[in-house]
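The sequence lines fix the lettering, A, B, ..., with proteins before strands; numbering per chain opens at 1.
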Protein chains: 2
Amino acid sequence: MGDKAVVNPRHNKAEVFARLRDAHAREVTEDYVEMIGDLIAEEGEARSVALAERFGVTAATVNNTIKRLERDGFVTSRPYRAIFLTEKGEALAKKCRERHQIVYNFLVSIGVDPEIAEFDAEGIEHHVSEETLAVFAKETGRSY
Amino acid sequence: MGDKAVVNPRHNKAEVFARLRDAHAREVTEDYVEMIGDLIAEEGEARSVALAERFGVTAATVNNTIKRLERDGFVTSRPYRAIFLTEKGEALAKKCRERHQIVYNFLVSIGVDPEIAEFDAEGIEHHVSEETLAVFAKETGRSY
DNA sequence: TTTTAAAGTTAGTCAAGGCTAAATTGATTT
DNA sequence: AAATCAATTTAGCCTTGACTAACTTTAAAA
């Protein structure tokens, strides 16, 4: 008994990497719904030309991605018309926006330059667990 | 004059996303060289069966990736033999290991559970700028 | 109202990174 | 030495996410 093999933490990380691959698959989706939400808030509607410009990709790429988002139930769209978030998409966008903000605020609070924080937050936000996010939120604004 | 348009920081983020896409392209490479380094240190050599097991992918996938790493000058390998890091690969592995450690130590130091920190570090390490990494290193171990 | 420019779509290509199934090689046993 | 088994490789397929080029639609200007 008790010999459940005390595994070196650097071993059997397969799960970690599997979850990392899952996170990857969600990143583009999250970035898109977040951006679509921003566009609707700022400009009243989300057009693919604006998405293409903000992401720095071609209109064709946006088109592909929107089709996938539609297939997965995050947005609705009709040919040659603007793109809308479904409830599901809206909920995800909200969650992403909050997460982004927490990460950004935390980075700034520990002394990272705001511009760099903005940049790093974009990469980090998709890889932060709820637990770590909670710690970030708690630590933000502390006097160090 | 002066009307260089004060751009809302949420606009023209194309660069941010372009760099994000670049980071992506490097992630698998970084994870592989790091793991190959670990395997050589722990077991004397890196075999693809061990890589497959630790990443939780098939041997065929490892094979593909190793070919790409070889093409890009990070590893050398001969059919049916172990995999070795080139100097370039070794240098990258060292850098990744250090970065990983800094992120991990920082997360633990602010109160994240070690197991969760290990997990999150794996995702975060590829998205942390040098600047933020420096702040992490500086902040680690502070008394809060 | 017709023309034209901008926006959106479609078709075809490519690389990365997954997979399965089948073939091959190397190493161990018998 | 032959058989067997584990490791590796190969071939073929899939999805994502990028591209270009060509085409269509919508909206605005003439």
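- OP1 or OP2 of C:dG8 has not a single side-chain nitrogen or oxygen of A:N63 nearer than 4.0 Å.
- Looking at heavy-atom distances under 4.0 Å, A:V62 makes no contact with the nucleic acid at all.
- When each of D:dT9, C:dG8, D:dA7 is scored by its nearest atom to the side-chain atoms of B:P79, the top-ranked nucleotide is D:dT9.
- A:I83 places its CD1 atom 11 Å from the C1' atom of C:dA7, with the value rounded to the nearest Å.
- Minimum atom distance to the side chain of B:Y80 is reached by C:dG26, of the listed C:dG26, C:dG8, D:dA18.
- Rounded to an integer number of Å, the gap from B:L51 CG to D:dT8 C1' is 13 Å.
- Rounded to a whole Å, the CD1 atom of A:I66 is 15 Å from the C1' atom of D:dA18.
- Residue contacts shown for A:R26 are absent, as no nucleic acid heavy atom lies under 4.0 Å away.
- If you take NZ of B:K67 and C1' of C:dA16, they are 14 Å apart, rounded to a whole angstrom.
- If you measure from atom CG of B:D22 to atom P of C:dA15, you get 17 Å, rounded to the nearest angstrom.
- Aromatic pair A:H24/B:H24: centroids less than 6.0 angstrom apart.
- The listed nucleotides are D:dT9, D:dA18, C:dT10; the one nearest the side chain of A:N64 is D:dA18.
- Considering only side-chain atoms of B:R81, the nucleotide from C:dT9, C:dG26, C:dA21 that sits closest is C:dG26.
- In terms of phosphate contacts, A:R47 brings a side-chain nitrogen or oxygen within less than 4.0 Å of OP1 or OP2 of C:dG8.
- A cation-pi geometry, defined here as NZ or CZ lying under 6.0 Å from the six-membered ring centre and within 45° of its normal, holds between A:R19 and B:F119.
- Nearest to the side-chain atoms of B:A60 among the listed nucleotides C:dC19, D:dT8, D:dA18 stands C:dC19.
- Within the nucleic acid shown, A:S48 comes within 4.0 Å of sugar-phosphate atoms alone, with no base atom in reach, counting heavy atoms only.
- Proximity of the aromatic rings of B:F55 and B:Y32 is defined here by a centroid distance below 6.0 angstrom, and this criterion is met.
- To the nearest angstrom, P of D:dT16 lies 20 Å from CZ of B:F17.
- Taking atom CD of residue A:E70 and atom P of nucleotide C:dG8, one finds them 14 Å apart after rounding to whole Å.
- In terms of position on DNA chain C, the residue among B:V57 and B:D72 whose nearest nucleotide sits closer to the 5' end is B:D72.
- Atom CD of A:E45 has more than 12 neighbouring heavy atoms from other residues, nucleotides or ligands inside a 6.0 Å radius.
- Side chains of B:E27 and B:H127: a donor-acceptor N/O pair is present below 3.5 angstrom, by distance only.
- Contact check, B:R71 against C:dA16: a side-chain N or O comes under 4.0 Å of OP1 or OP2.
- To the nearest angstrom, C1' of C:dG8 lies 13 Å from CD of A:E45.
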